[in-house]
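Worksheet: one structure, shown below.
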Amino acid sequence: MASGGRASELKQQGALEAAQDPNSSVSASQAEQMVVDETKKAGGAAFQFDPNATAEEKAAQIGARIPSDFHHKRTPKTAVLASDVDDGTPSKYDLPEPTKAGVIGHARTASAATNGILRKEDAEQWDRVGWEPRFGAGEGMDDDGATMLDHQTWLEGKLDDKFFGDWYFNAGVIIFACLSSWVVAVLGGGLGWIFIVMAICSTYYRTSLRRVRRNARDDVTRELAKARLETDTESLEWINSFMVKFWPIYAPVLCQTIVASVDQVLSTSTPAFLDSLRLKLFTLGTKPPRMEHVKTYPKADDDIVLMDWKFSFNPNDVADLTARQVKNKQNPKVVLEVRIGKGMVSKGLDVIVEDMAFSGLMRVKIKLQLPFPHVERVEICFLDRPTIDYVCKPLGGDNFGFDINFIPGLESFISEQIHANLGPMMYDPNVFPIEIAKMLAGNPVDEAIGVLQITFHGAQGLKNPDKFSGTPDPYATVSINGRQELARTKTVHENASPRWNETVNVIVTSLRDALNIAVFDYNEYRKDKELGVATFQLEQFEKDDEFENQQLEVVAGGRPRGVVQADIRFFPVLEGQKLEDESVGPPPESMTGIAKFTVEQAKDLDGTKSLIGSLNPYAVLLLNGKEIHISQKLKRTNKPIFPDATKELLITNRKTAKLGIVIKDDRDLAADPVLGTYQIKLDDMLDLTTKGQEWYNLAGAKTGKVKMSLQWKPVALKGALGGSGGYVKPVGVMRLHFQNARNLRNLETMGKSDPYARVVLSGIQKARTVTWKNNLNPDFDEVVYVPVHSTREKLILEVMDQENLGKDRSLGHVELAAADYMRQEGGEYLVSPPKPMSAGLILGSHGQPKGTLNFTAAFYPTLNVVDPEEEEKETASGRPSLEEANGIKSLESKDRSRSGTISSLNRNGSMNGKTDMEKQLAMGEMEQEETKDVAKEAPKIKLSADDLMNYDCGLIIFKLIDGDFPQTGCHLEVLMDDMLFPSYTSSKIRSRLTTFNETGDAIVREMDFSKITLRLMEEIDKKGEGKDEHVIAKLQGSTIETLKRCLYTATQLSLRDDRGHEAKVTVSLQYLPIKMKLDPSESFNNMGKLRVDVLDAADLPAADRNGYSDPYCKFILDGKEIHKTETQKKTLHPAWNEFFETNIRSRTASKLICELWDWDLGDKDDLLGRTEVPLEILEPFSQQELSLALDGKSGTIRLKMTFRPDYVTRSRQGSSTFHGTFATPGKIVGTPVKGVGKGAVMVGGGVIKGVGKGAGFLGRGFTRRKSRGAAPEDLELPPGSEDMAGLPSNGTRTPSGAAPGQAYDGQPGSSLSPSTPHNRTKSWGSAAGLSPGGPEGGVANLALLSATGFPAGANLRIHVKMEGPKGSKEVHKSKAVKNGGSHEETIWSWGEHEVKVLCSADTQFKLVVKDHATFGSDDELGEAVFFLDDQGSGGEKTVRVGEGVVVLKSHFIPADVASVAGSSRRGMGGGEGEKHRLRRGVFGKRDSREGAGRERSATPNP
């Protein structure tokens, strides 16, 4: 060997020397090649490189020569949690397309004979258990009428009962025997005749004696029953008789269940040296177990039932069997086949156990409880050792088998081993408990209760315990109680302070466990080293669901090894609302949740793929084509029952998740062949599971079917991996019109209930009405819309009593099933028109109805709109796009009809998609021909920003993605139009940088005029009190422009609070049109602000003796006084020339009454006449003068009225505003205001002149208003804002034909302003700022003097409120004054100092008089409105409030108008001016130059 190596070296040296010799023919390349070849021959490593190659290329060339398994790289262990999140790895299986075609109907017709024998083709499955289920003895075996009391003889069958059985019959037999013997002897007969006589007499005597004994036994039993003692036992013949008939039916089923369970265990526990273990036969025999007697203990505790049961199972005892039963008896027998060898070279040996017998005395103790199921647990134990007998033949089979119990000492040894194992379990005093209550609770110990989300930020100061290991390469793993790894982070190389910035999710089953975060140092070749473990106790989530910025100490060996920084959140499983009858409603629909996928068993697998006909199957569970679980491998069975083929999955998008199954045959040496596959969408499988369909035909196989089940638990998963936060797109909306409620329950001790109606879906409040205070017969007249997602949903319409302290109380509810209104035709849901209903309100489940709720319900479906994200995924996966599949084109904007005031749905874009039969399951699967069902689906439409105007009604879907906020502890709310309560409220903002991933929806009734508001709230206003002090910041703008900007696009919005801090929110919007024609009563044109100019009256009747009257007018809107004019003295033709404004929520429903009264100084005022003002004839923005006749003796009144459409938000203690609207929808007349030209826009009480490019919601129609008493401020515009002229913040547009710059609402130069001595204009901006050219601004001085006419003993307190655009604002509250005396002479006096209020000259004030209560709520005695005296120093004013009169003093001091108009940046009154800054028009340009040479409007937002 050494000489060979030396020769190689000499050759290489000679070649190198020859290459250096110039006279040699050997070149340098040849010498180099020879050196390389010789080195390789010697086993050395030799490489040739390109001299121009880089170092990386040379390293790659060397690495390519290293064998792939040289270093034995360790594959990291994968996490246990399976999710549908795409990790980029392709699927290893060629699966068929998801389909429901393979499902097998759960209802199967089976033809059974009248005696219960099953079909012949099903008989094979009963071969291993003795017989198939049957009635009685079986087919062809007639009942012979035998009993277990006797085996009837021929003589007994022939003789009647009256001829034997008594004492004289027995005496007669003796006499007959004697006489017969004497006769035989006299006649010379032989001994044979004597034997004949003996046989006759003995037969008769035996028959008679048996009857005597039977009668005696009955007598004894009857006597014992009369004086039964506690120590006596009771017979259980009734249950034994039942078992005799039931056992032939149930025994085969019981044996088959045992065979299936034992085979499953044996298949997975077969030793390696054996081929298989299986039960060849298992039968318990035809004789049932017998209950000998039972002994009860009636003196036990009241919650304890104690009994002793004596039982026996002795199949070989035939004493109590009839002859027929003995003939057909089968003994218990168990045959276990042990197969030795492998495959075809194997032999089965039978181990037989037969003739089993068992008897014993068992004590049963039942512990009772009050809640369902009323049995807490059952404890059983044997009072004595039971008797056990059997025959065991391990070898030789039936013919040559030897019972091993014949071996001396073996039987007793086996018996002692059995008793030794059973004794500690269930021999007295030990008991075997069965927890009945826990078993029926429905919540297994290992059932998922929620998702734990861990956001790893990083770690700091990680230390490696091995000083020579260098800087660690850390990664973190997650486990529960240190058990199996559930998730892990990425590895950060060579960093002791890694930044992972990664989120993992873990399914948890109990909050009593501990979360372990283990940090490891990764090594490529050896085992990873654990650096330490951080622990977090999950029971902390019982108090709070989120723990952010946790600094978890990493500990190893009791020493700190660093800190892990993480956010830990818990998202519990959503459960249905617990109803008052203790039942639980269905959980809410969610797209995210936990799915438990189980493959229970398979049948009829194709055995031809195995040479021996028996398979070794196992199941592979798939999610979106990727392996998530592999079951145990069973042996020699074509009907496997998989013991562990189940997996819990975290689903982030239920709509796109697909479940699959692959069944393979285990081969030791060759590749495992596929026996069958199947794939189905998760949504489809969930729907089939609820219908009870669990069997599916396998694809790619001649035969075979599999049983699969799915359990779904919704989880509102948010943040990373949260998807849409569990949001499910609705299929339509339920329109509910709450009309009124009558005769409600009164839960108040003092006063009456404060009811409101709400709609609850899956335990979540979806909508509610305003509260009606102190009223048991409220007229709600409100319309709410509730999105619905499936026909399984139930809506709870509940009337609640609002409480100031504590939770609101239920006054009763009505259940409304969505399925009653949702009907499908051709894959599309149909419109269900409104149905009037009147239902009694039930409190609880079985209570008597108390009160009635009257409402109407209707269903309107949504259109099937294409989701661009889903379309992109389908296109990326190679599927045809929507246009290619259905030929659908994008909708084009079309002109809409503008006639009438009713918004309509564009029906021109509807399309009919063609549905063809789908392809067969997959290529190469021609053995089984399956086709899909024809899936009828509504045609889809593509919706672009240009198509939005074609659909007035719809659902706006908004996704809150993330945000950057200046403060925490607040909420984001989304409000629509005139709604008092938000359509959606976000979760609490717990950090400045928050990831929401929350999705909600809201109804859009009229796209043209709809407004959307986004506001940041400190507290959630659950009671609708409208407290602006909780509003941190607000954005408001046009819905259509906002949708165009944010449609399918993540857009960042900015909100700025009053301190200049900016909040940024990223949102994305979608729109689902609804097939609905809006009711005219809900139209924008039906609500708004009404201005009434009270001009004059003529020909009034004389009420005073002087032939004149002192007339004044009162206006009453829906039963409430809203305005009272001044009194004109001594005239029958008064001229008031006053005006007032009020909000009208429905022109067609509201009732405005004008009453004329004659004022008297010391007497009650006289009614001169009244008339109803017809509001339905008014046209928007059109001034109309009406002369209305009074219903008195004579007289007319002349009014001038102007109606301006605008959204009016309902307030608490609302009034009936829609009453009668829905019965007469055709009353709205006049020119519509939609689609009018761009011109002057009326906002509040001001004018915008020359509106150009201006503010918008990110350049498109959003304005921002500051709260907390600050003046509204415009949104800061980004560069390039688009022109938004003609779109005011309140959604109104100028009337058709209006000239630019034209003034309205009583502005100087307006044609609508009346020429009266008391010319006053009302501005909604009076409370927040003053507009140039608007009403006079200044200070109001108010002082309360006295009150009379109220109930004696009342503790009066007067509240003074100022009416403004945001509702009523309390400006003064008097002290409570209590006085005695009779009703007439009682005077309450205050004499309080004057209160100064900043307002305008025409501001409307309201007095509210209450009877103050020290404990409880105050009782309201009345309310009334009044205006200020703006002449001189004012004077005393008498205001009638309810039954009494309040005297007050008021006067108005105007401010310096010049100082107000001098600057748009300066407020009024020195220091107060900073709180009431003036701003430019909502959509006008901001001009920062002082003293600009053009006129600008400073109108605050309404």
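Just so you know, these numbers use all the heavy atoms, side chains as well, and skip hydrogens, waters and symmetry mates. In this text, all values refer to a predicted model and were calculated from it rather than measured experimentally.
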Audit row: Leu1016, Ile989, side-chain contact (heavy atoms from CB on, under 4.5 Å) steps and yes/no: CA-CA 10 Å; Leu1016 196 61; Ile989 299 172; 4.0 Å; yes
Under the side chain to side chain donor-acceptor pair (under 3.5 Å) criterion, do Thr995 and Asp962 qualify, and how do the steps go? CA-CA 4 Å; Thr995 299; Asp962 52 35; 5.4 Å; no
From CA spacing to verdict: side chain to side chain donor-acceptor pair (under 3.5 Å), Gln1070, Lys959: CA-CA 8 Å; Gln1070 298 182 38; Lys959 181 176 182 180; over 6 Å; no
Stepwise, does the side chain to side chain donor-acceptor pair (under 3.5 Å) test hold for Ser986 with Glu973? CA-CA 6 Å; Ser986 73; Glu973 292 185 346; over 6 Å; no
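Using a 4.5 Å heavy-atom cutoff, the side chains of Val508 and Val451 are not in contact.
To the nearest 0.5 angstrom, Thr769 atom OG1 is 11.5 Å from Met800 atom CE. With values rounded to the nearest 0.5 angstrom, Ser510 atom OG is found 9.5 Å from Glu539 atom CD. Here the CG atom belonging to Leu486 is positioned 9.0 Å from the CG atom belonging to Leu515, to the nearest 0.5 angstrom. Ile1040 contributes atom CD1, which lies 14.5 Å from atom CZ of Arg1045 (distance to the nearest 0.5 angstrom).
If you check the side chains of Arg499 and Gln565, you find a donor sitting under 3.5 Å from an acceptor. A donor-acceptor pair shorter than 3.5 Å can be found between the side chains of Thr771 and Gln802. Residues Thr652 and Thr592 have side chains that never bring a donor and an acceptor to within less than 3.5 angstrom of each other.
A salt bridge links Arg1005 to Asp978: at least one charged side-chain nitrogen sits closer than 4.0 Å to a carboxylate oxygen. Ion pairing between Arg512 and Glu542 holds under the 4.0 Å rule for side-chain N and carboxylate O. In this structure, Glu798 pairs ionically with Arg758, as a charged nitrogen and a carboxylate oxygen lie closer than 4.0 Å.
Remark: side-chain polar atoms of Asp977 are not paired, donor with acceptor, to backbone N or O of Met979 under 3.5 angstrom. At least one donor-acceptor pair under 3.5 Å links the side chain of Glu793 to the backbone N or O of His789.
Listed by chain and number, the residues in a ring-ring contact (aromatic ring centres under 6.0 Å, His included) with Tyr1048 amount to none (sequence neighbours excluded). For Arg654, the salt bridge (Lys or Arg N to Asp or Glu O under 4.0 Å) criterion is met by Glu589, Asp683, not counting sequence neighbours.
Using the six-membered ring where Trp is involved, Phe536 and Phe541 have ring planes that are tilted, between 30° and 60° apart.
Met976 approaches Ser983 most closely through the heavy-atom pair CG-OG, 3.8 Å. A pairwise comparison of heavy atoms in Val715 and Pro572 identifies CG1-O, 3.9 Å as the closest pair. Taking both residues in full, the closest heavy atoms of Ala448 and Ile594 are given as CB-CD1, 3.8 Å, listed atom of the first, atom of the second, then distance. Nearest heavy-atom pair across Ile507 and Leu650 is CD1-N, 4.2 Å. When every heavy atom of Phe520 is checked against every heavy atom of Ala518, the shortest pair comes out as CE1-CB, 3.6 Å.
Taking the ring centroids of Tyr1071 and Tyr951, they lie at or beyond the 6.0 Å cut-off.
Figure legend: Arg992 and Phe965 shown without cation-pi pairing, the cationic atom not lying both under 6.0 angstrom from the six-membered ring centre and within 45 degrees of its axis.
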